[in-house]
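Report on the structure given below.
Just so we're clear, the structure is a prediction, and the values are computed from it rather than from any experiment. Every number for a ligand or one of its atoms is a count from 1 in the order of the listing.
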Amino acid sequence: MIYLKSESEIDKMRIAARLVSRTLAEVAKEIKPGIETGKLDRIAEEFIINKNARPAFKGYGPKNNPFPATLCISINEEVVHGIPGSRVLNEGDIVSIDCGVEKDGYFGDHAYTFMVGECDDKDKELLKVTFESLYKGIDEAVHGKKLGDIGHAVQQHCESRGFGVVKDLVGHGIGKEMHEDPSVPNYGKEGRGERLRTGMTLAIEPMITRGTWKVKTLSDNWTIVTADGSNSAHFEHDIVVREGKAEILSTFDYITEITKNEILETQYG
Ligand code: MG
Ligand code: MG
């Protein structure tokens, strides 16, 4: 069941989403070759708790194997749900950092893929195309359009440039729960699926690879990797469907102030 939010609920969601944005920027300050992923996780957790919020990923999932950390840190061929720990980042890695918070009963869930030092040109293109596809999807998240229009826009942008679109994992509704209806696939057909309505709040999150769309799960039962070992990128925003143009609740602005990454710049007003 899709739950439409009131403006006062959206105000709370904007606060939660922007807390995630600020958390990602705190992490961005420390991303460099040699840093342990577990250290990045501790920085994020402390920052969130100091803002009187709760890291929403920690403890999420099955009781016998809950996710143990504040961030999902997924390096290179890891697509999503990588567990932070003693692994260190190396020059040339690409690293997806995904973070969720609960603040005053509402959730934010938002991700960015960083370059560690200088990356190869094909990885830069992967990041650029994935980033662009997120905004192509958001452009479709308008009252009166269909859910399939979002997925189609993402898929068309990435596949036409030779990249793989992960299908086993999808975006989702978000609000009072981290994962609400509907599912928001990164593939689809124009004009198909649920009609989008003002007040729908969605997490749109293309997961794109340099190779196959197929993925597998590692033995930790969390980390998702590409089946062919190709590198993968992931960007995620929380948005509200509105008339004419979606509102993006999260922002990459705080990150860009740190990274000064000119490859990834949006013109989204
Ligand atoms: Mg996420
Ligand atoms: Mg998500």
#### Entry: Of all N/O/S atoms in Asp109, the name of the one nearest the Mg ion (ligand 1)
OD1

### Query
Would you call Asp11-Lys5 a salt bridge at under 4.0 Å N-O?
no

### Query
Salt-bridged, Glu140 to Lys146, with N to O below 4.0 Å?
no

### Task
Please check if atom NZ in Lys128 has more than 12 non-hydrogen atoms from other residues, nucleotides or ligands closer than 6.0 Å.
no

### Query
Taking the N/O/S atoms of Glu205 one by one, which is nearest to the Mg ion (ligand 2)?
OE2

### Query
Any N/O/S atom of His172 sitting less than 2.8 Å from the Mg ion (ligand 2), backbone or side chain?
yes

### Task
Return yes if a side-chain donor-acceptor contact under 3.5 Å exists between His172 and Glu180, otherwise no.
no

### Query
At the Mg ion (ligand 1), what angle lies between atom OE1 of Glu236 and atom OD2 of Asp98, rounded to 10 degrees?
110°

